[in-house]
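Working notes, structure below.
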Amino acid sequence: MSSSKPSQGSKRAGYVLHVLTASGAAAGLVALQAVFNGEWRQALLWLIVCQVLDGLDGPIARKIDVTIHAPRIDGHILDLVVDYLTCVVVPVALLASLELLPLRFEIWVAGAIFITSALWFARIDQETDDHWFNGFPAAWNIVVPTLLILDANKATKQLVILFLCGLSLSKVQFPHIVRVTKFRPVTLSVAFIYFVALTWLSAQYPDGPSWVKPILVIAPLYIVGLSIWKTWFARDNHQSM
């Protein structure tokens with residue numbers, strides 16, 4: 001086996017990638033500022049930017065083997081730090097600023113999101129060997145904009161949020177959109193269509209074509225169906241083999 005050290009170019013590429021990941025925190029800060037300024041459309045679009053950055057860094061990190069070329073920084077921990085800001089803090093700020101929840105329960109629901117998300121990020125069993133997440137992976141940057149754009153009533157928002165908070169602490173398995181190989185072509189196609197629709201409707205919020213909005217329901221239902229299959233039926237089949 002070769003024990004050659006990483007080249008300077010490889011090291012630079014590794015650390016540049018870490019900076020790319022960390023830049024998601026800066027994008028999250030801009031999104032948070034847009035929330036405070038009441039610029040809802042801008043906030044939604046900056047959350048989209050955060051999703052793009054989050055989606056890019058993982059595949060690139062695996063491609064260049066960043067753990068070898070830039071070992072002084074733990075990319076997984078860095079990703080979790082950035083994700084807590086962009087996937088939890090900013091969406092909760094959006095919930096609070098727009099008063100999307102019943103006023104009597106707003107602080108309790110927001111607190112539930114913060115607590116269950118923090119616990120999920122600290123799980124030592126976050127991901128299975130075949131790249132399924134154990135529990136709802138605190139993807140509030142998807143859930144909150146979707147509920148906002150669909151203009152769901154406050155009771156519905158509260159029920160959905162509390163249900164997902166409970167799932168964060170469960171063993172229900174959710175797919176890693178990119179890394180799960182089972183049904184990957186279908187999953188990636190559904191995710192891409194959903195992302196385009198979410199971007200389109202975010203750019204035109206609070207307007208936008210009504211015929212696009214059902215896509216924001218169909219895609220989550222597909223993920224729920226996939227999670228049910230994996231958690232109960234696929235597991236039972238595997239155990240019976």
Side-chain angles (χ1 to χ4, degrees), residues 13-14 16-25 27-28 47-71 73-88 117 119-143 146 164 167-199 215 218-239 241:
V16 166
L17 179 62
H18 286 318
V19 172
L20 176 67
T21 301
S23 69
L47 280 176
I48 295 290
V49 172
C50 293
Q51 290 180 45
V52 172
L53 292 172
D54 187 45
L56 286 175
D57 62 359
I60 297 174
R62 290 186 289 273
K63 182 71 173 178
I64 67 175
D65 207 350
V66 71
T67 56
I68 294 176
H69 297 143
I73 296 176
D74 189 318
H76 180 63
I77 294 177
L78 175 61
D79 195 51
L80 293 179
V81 171
V82 174
D83 281 354
Y84 194 81
L85 171 63
T86 61
C87 298
V88 182
S117 296
L119 291 172
W120 187 85
F121 278 117
R123 286 181 70 154
I124 60 174
D125 65 340
Q126 275 184 4
E127 195 172 324
T128 65
D129 292 338
D130 53 350
H131 308 301
W132 291 75
F133 294 117
N134 279 314
F136 171 66
W140 299 107
N141 57 328
I142 298 292
V143 174
T146 298
L164 291 176
L167 287 182
S168 288
L169 307 179
S170 75
K171 280 284 193 175
V172 175
Q173 296 185 349
F174 288 76
H176 188 299
I177 300 300
V178 176
R179 303 190 71 186
V180 166
T181 57
K182 192 70 174 179
F183 309 121
R184 179 183 278 169
V186 178
T187 302
L188 288 177
S189 298
V190 170
F192 177 76
I193 294 170
Y194 174 87
F195 183 77
V196 170
L198 182 63
T199 302
I215 296 174
I218 294 171
L221 287 177
Y222 168 78
I223 297 298
V224 168
L226 206 55
S227 297
I228 291 172
W229 169 82
K230 172 63 174 176
T231 304
W232 285 281
F233 298 100
R235 179 180 295 175
D236 290 343
N237 290 338
H238 178 73
Q239 291 175 348
M241 290 178 62

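The structure displayed is predicted, hence computed values, not measured ones. In this chain, numbering begins with 1 at the start of the sequence shown.
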[X] to [Y] - nearest heavy-atom pair and separation:
X	Y	answer
Q173	T128	NE2-CG2, 3.5 Å
N134	K171	OD1-O, 3.9 Å
P175	V180	CA-CG2, 3.9 Å
A219	Y194	CB-CD1, 3.4 Å
A25	V82	N-CG1, 3.6 Å
T86	C50	CG2-SG, 3.6 Å

Between atom [atom1] of [X] and atom [atom2] of [Y], what is the distance when rounded to the nearest 0.5 Å?
X	Y	atom1	atom2	value
Y84	L80	OH	CG	12.0 Å
F195	I142	CZ	CD1	8.0 Å
R184	T181	CZ	OG1	6.0 Å
L169	R123	CG	CZ	7.0 Å
T21	L78	OG1	CG	5.5 Å
I177	L226	CD1	CG	8.0 Å

Inset, instruction - Give me the one residue out of H176, K230, R179 that meets side-chain hydrogen bond (donor to acceptor under 3.5 Å, both in side chains) with D130. - result: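 That would be K230; it is the only one of H176, K230, R179 passing the side-chain hydrogen bond (donor to acceptor under 3.5 Å, both in side chains) with D130.
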
Check whether any side-chain heavy atom of [X] lies under 4.5 Å from a side-chain heavy atom of [Y], and answer yes or no.
X	Y	value
V172	W132	no
T187	V190	no
D79	D54	yes
I48	Q51	yes

Inset, instruction - For side chain to side chain contact (heavy atoms under 4.5 Å, CB included), just list the numbers for I228 and V224, CA-CA rounded to whole Å, side-chain angles, deciding distance to a tenth of an Å, and then say yes or no. - result: CA-CA 6 Å; I228 291 172; V224 168; 3.9 Å; yes

Legend entry - L164 vs S168, side chain to side chain contact (heavy atoms under 4.5 Å, CB included): CA-CA, chis, key distance, verdict: CA-CA 6 Å; L164 291 176; S168 288; 5.8 Å; no

Inset, instruction - Examine distances only and state if a side-chain atom of Q126 and a backbone atom of F121 form a donor-acceptor pair shorter than 3.5 Å. - result: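 Yes; judged by distance alone, with no hydrogens or angles, the pair exists.
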
Inset, instruction - Apply the ring-ring contact (aromatic ring centres under 6.0 Å, His included) test between W120 and each candidate in W140, F136, F133, F174; give the one that qualifies. - result: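 Of all the options given, the one that passes is F133.
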
